[in-house]
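Written out below as structure tokens is the structure these notes cover.
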Amino acid sequence: MTLPITVPDIGDVKDAAIIEILVKPGDDVAIDDILIVLETDKATLEVPAPSAGRVHSISVAIGDKVGFGTAILILEESTGAASAPIVAASSSQAAPPPPPAPAAIEPITVPAPPPPMAQTPATGLQPHASPSLRRFARELGVDLTRITGTGPKGRISREDVQGFIKQAIDRPAASAGEGLSLLPWPQVDFAKFGPIERQPLSRIKKISGANLARNAIVIPHVTNFDEADVTALDAFRVEVNKTQGAKVTMLAFIIKAAVAALKAHPNFNASLDGDDLILKRYFHIGFAADTPNGLVVPVIRDADSKGILDIAAETAALSALARDGKLKPADMQGGCFTVSSLGGIGGTGFTPIINAPEVAILGAARAQMKPVWDGSAFQPRLIMPVSLSWDHRVIDGAAAAGFLVTLCTLLADFRRVSL
Amino acid sequence: MKTELLVIGGGPGGYTAAFRAADLGRKVVLVDKRERLGGVCLNVGCIPSKALLHAARVIEEAREMSAHGLAFAEVKPDLDKLRDWKQATIDRLTMGLASLARQRGVTVVSGTAQFTGAHEIVVAGTDGERRIAFDQAIIAAGSEPMALPFIPTDPRIIDSTGALELARIPERLLILGGGIIGLEMATVYLALGARVTVVEAMDQLIPGADRDLVAPLHKHLRKRCEAILVGAKVTAVEPREEGLDIRIEGAEGARTERFDMLLVAVGRRPNGARLGAAAAGVKVDASGFIPVDGQMRTNIAHIFAIGDVVGQPMLAHKATHEAKVAAEVASGDEHARFDARVIPSVAYTDPEIAWVGLTEGRAKAEGIAIGKGVFPWAASGRALSIGRDEGMTKLLFDPNTGRLLGAGIVGPNAGELIAEAALAIEMGADATDLALTIHPHPTLSETVAMAAEAFTGTLTDLLVPKRA
Ligand SMILES: Cc1cc2nc3c(=O)[nH]c(=O)nc-3n(C[C@H](O)[C@H](O)[C@H](O)COP(=O)(O)OP(=O)(O)OC[C@H]3O[C@@H](n4cnc5c(N)ncnc54)[C@H](O)[C@@H]3O)c2cc1C
């Protein structure tokens with residue numbers, strides 16, 4: 001029995017890169033052995049063998065972009081009877097490799113099966129374009145899958161490619177008003193000034209970098225600052241950890257408080273869609289997680305219906321996956337609002353960049369004991385600085401100040417969260 | 001010696017790359033260890049095999065017509081003359097290549113090349129060693145027949161090169177390997193009067209082609225051969241004075257039989273591991289293939305590889321197309337890329353088998369939905385008028401768009417007919433395009449249009465059951 005293995009449903013991802021192929025044709029694999037490793041912009045994902053067998057052929061190569069359903073390899077499922085080893089004849093051309101020789105006989109090198117090149121996916125999904133047109137598109141660097149042909153049966157013509165290019169050239173001017181006319185990036189020969197070392201950016205950094213740059217340029221950001229008195233909350237947290245044997249961090253409380261604040265200020269749980277505002281009736285909260293390769297934002301789903309202990313456990317589990325590069329795209333989708341907490345590290349405040357298409361992001365810095373005037377004397381209180389960056393196209397200053405007040409009130413007296 | 005572009009190997013890949021690069025203005029040196037250009041294909045592959053297959057066809061057609069009112073005397077092959085004629089064909093082509101090289105100013109160096117660094121090779125020739133420095137290189141070192149370790153050395157044990165030498169016609173010939181090369185040689189030696197047995201380890205001849213395409217060939221060969229043993233293997237060969245005692249193990253058990261000659265045609269091994277490629281830093285995989293990207297670059301950016309040495313299918317027309325890409329990229333055309341959607345395969349057996357693109361077997365294995373149009377040649381006037389009705393033309397379409405995904409043809413001249421299907425796939429043609437293109441009557445090419453009509457439901461030459 002041969003079993004074609006395809007890319008499993010990895011969420012709404014069409015161009016995961018193959019970064020590792022752990023098997024080769026002829027290898028025997030057990031059920032759940034890892035066959036290949038994919039990397040999306042946010043996570044790596046291992047594809048395991050669904051059953052035991054022998055790898056017959058592999059139709060992808062390292063670096064290939066794949067999506068749900070792409071054929072990866074063909075597995076010959078092992079049947080009860082072991083297949084008899086055969087040494088003798090195989091065919092001459094384009095034949096699958098014969099099974100390996102028995103140990104007594106010197107191993108024979110067999111030609112590998114056809115490389116992927118000769119195995120282009122034979123489906124009607126390939127662009128309807130002739131070889132000469134495909135060359136023309138390559139010369140212009142045009143991806144034909146992005147063009148809808150105007151010829152008979154959707155055939156792509158030379159004019160279609162030219163039109164696509166023309167549109168691409170016109171577009172930035174049309175959509176970005178005057179466009180950004182920026183000075184060229186400064187070119188500096190750093191080595192002239194001292195020793196340097198060049199390090200390639202990780203894939204996560206490259207992709208999140210492009211997203212952050214877009215968000216920073218496109219969204220009119222404003223950041224408000226406030227301080228939350230978390231003296232009682234932190235005492236409560238310490239006590240929970242002691243009595244429950246749990247490991248609850250301040251982040252879990254902030255997430256829970258953020259949900260309550262979003263409920264009170266629904267415009268913060270929203271996204272812009274053209275001239276419409278999409279208001280969300282669900283509460284999925286993202287949190288920034290630091291990993292050796294860069295920043296990722298896993299999402300706690302339905303945080304409104306989860307308790308503090310659940311949220312704490314889930315943030316810990318997601319952070320661990322993130323550090324190992326094993327988050328699935330689905331773990332990072334659907335967020336309504338993001339919390340970025342640097343409390344464990346330090347700082348007195350910062351201006352986070354909004355995680356589009358969300359409209360606000362909360363930053364929390366390190367809580368510190370500060371003297372607070374209670375009307376008659378200074379009291380030592382644990383004060384946590386918070387900042388809220390918001391999209392001025394959707395929210396205005398008064399609303400933002402109101403949101404922060406709600407949030408700080410909740411953090412100061414956490415019982416209100418349940419009100 | 002110093003050159004801009006060095007090409008190692010003068011086969012279809014190598015000479016095409018050298019000529020294309022020279023036409024693009026590069027200074028080119030082409031090295032081959034053979035005396036003549038043309039590589040395996042011209043010297044010991046495609047061309048001599050096709051010359052002999054032509055001879056076989058003439059013999060077989062004469063024999064067939066003897067039952068229909070055209071009796072000839074039984075053919076008496078004169079091997080010396082036949083060999084001379086085959087050689088004359090090769091000579092004409094290889095000399096033609098030599099003069100094309102001269103006209104283009106390509107320097108041809110003869111000797112065995114070994115890398116000594118990323119920009120230098122040493123060539124060992126009959127007149128000693130010489131070093132050649134290069135800016136860029138294209139490796140087109142090809143492949144050679146695979147040997148089996150348990151088979152001894154004996155003049156009666158030959159590979160495809162030995163078979164093409166046509167030293168003698170054995171009484172009983174065992175062909176080990178029922179792939180294209182093995183069966184082409186079976187066709188030749190059968191026509192010349194040998195009694196032939198074929199042993200193939202897989203469960204069908206020409207694995208890789210669809211079973212229904214192979215069936216007519218299998219049937220035809222079964223009538224002509226002593227035996228065709230599929231799912232069988234040779235496990236021992238003992239040379240004796242009176243013959244070769246060969247042990248064959250198959251489904252029906254093991255037996256030892258005596259043959260006069262053994263042709264080993266179990267596949268070809270790439271020459272990648274014999275170039276000292278490590279000295280240049282070029283990666284060679286465990287089987288001897290050199291991995292390349294879509295622009296035919298190896299892991300070393302200024303060194304390219306093409307043809308049999310980069311992977312299956314090992315076919316001359318794949319090598320020549322890859323050659324042009326490598327030559328163009330090496331000459332500065334960054335947009336050139338190996339972008340062919342399909343590579344046709346042909347077995348020049350009797351009957352011929354040809355296929356291109358998706359096969360039914362692969363569609364089934366990978367769960368690809370297909371629609372099928374089949375035209376049996378028994379309904380083709382032309383097929384009947386050449387006395388051959390066992391052929392079939394099968395087209396596989398995308399059921400949603402009707403676009404042609406693959407084709408398989410069995411019958412005389414299938415190799416010539418498959419080119420239309422290859423063009424149709426590259427152009428994105430659908431069943432209606434093929435059906436509405438007027439094909440000349442009466443030709444075998446009509447069967448392509450009729451197979452398309454069997455799919456579109458407009459066929460009148462046959463009664464096709466309506467599709468649900
Ligand atoms: C019997 C037979 C029949 C065939 N029939 C067909 C057919 O009908 N159609 C088809 O498409 N294909 C056919 N083939 C396959 C075809 O011959 C090959 O695919 C084709 O020759 C590959 O071309 P190439 O340029 O990659 O290598 P080759 O033709 O193998 O040429 C490589 C050359 O490099 C030389 N070389 C290798 N190493 C060195 C070195 N270190 N220094 C110097 N020179 C070196 C070799 O001597 C050789 O001349 C057939 C093969 C055989 C054996």
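Every chain is numbered from 1, with letters handed out A, B, ... down the list of sequences. Every heavy atom of this structure was used, including side-chain atoms; hydrogens, water molecules and symmetry mates were not.
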### Query
Between E139(A), H128(A), R134(A), which shows the greatest number of heavy-atom pairs under 4.5 Å with chain B?
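Counting heavy-atom pairs under 4.5 Å, the top option is R134(A).
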### Task
Could you pull out all residues at least two apart from Q199(A) that satisfy side chain to side chain donor-acceptor pair (under 3.5 Å)?
E197(A)
### Task
Name all residues meeting the side chain to side chain donor-acceptor pair (under 3.5 Å) criterion together with D159(B); count only those two or more places apart in sequence or in a different chain, and write none if there are none.
none
### Query
Which atoms of A336(B) come close to chain A, meaning under 4.5 Å heavy atom to heavy atom: side chain ones, backbone ones, both, or neither?
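Backbone only.
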### Contacting moiety of N400(B), where chain A heavy atoms sit under 4.5 Å
neither
### Query
Are side-chain N/O atoms of T235(B) and E249(B) paired as donor and acceptor at under 3.5 Å?
yes
### Query
Is a side-chain donor or acceptor of Q204(B) paired with a backbone partner of A209(B) at a separation under 3.5 angstrom?
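Confirmed, Q204(B) side chain pairs with A209(B) backbone.
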### Message
Quick check on the interface: out of A347(B), S143(B), A365(B), who has the most heavy-atom pairs with chain A under 4.5 Å?
### Response
A365(B)
#### Entry: Between I248(B), D430(B), L396(B), the one whose heavy-atom pairs under 4.5 Å with chain A are most numerous
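Of I248(B), D430(B), L396(B), D430(B) has the most heavy-atom pairs under 4.5 Å with chain A.
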### Task
Might you point out which heavy atoms bring E200(B) and G178(B) nearest each other, and give the distance in Å?
OE1-N, 2.8 Å
### Message
Counting only non-hydrogen atoms closer than 4.5 Å, does K153(A) touch chain B with its backbone (N, CA, C, O), its side chain (CB onward), both, or neither?
### Response
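Side chain of K153(A) only, per the 4.5 Å heavy-atom cut-off to chain B.
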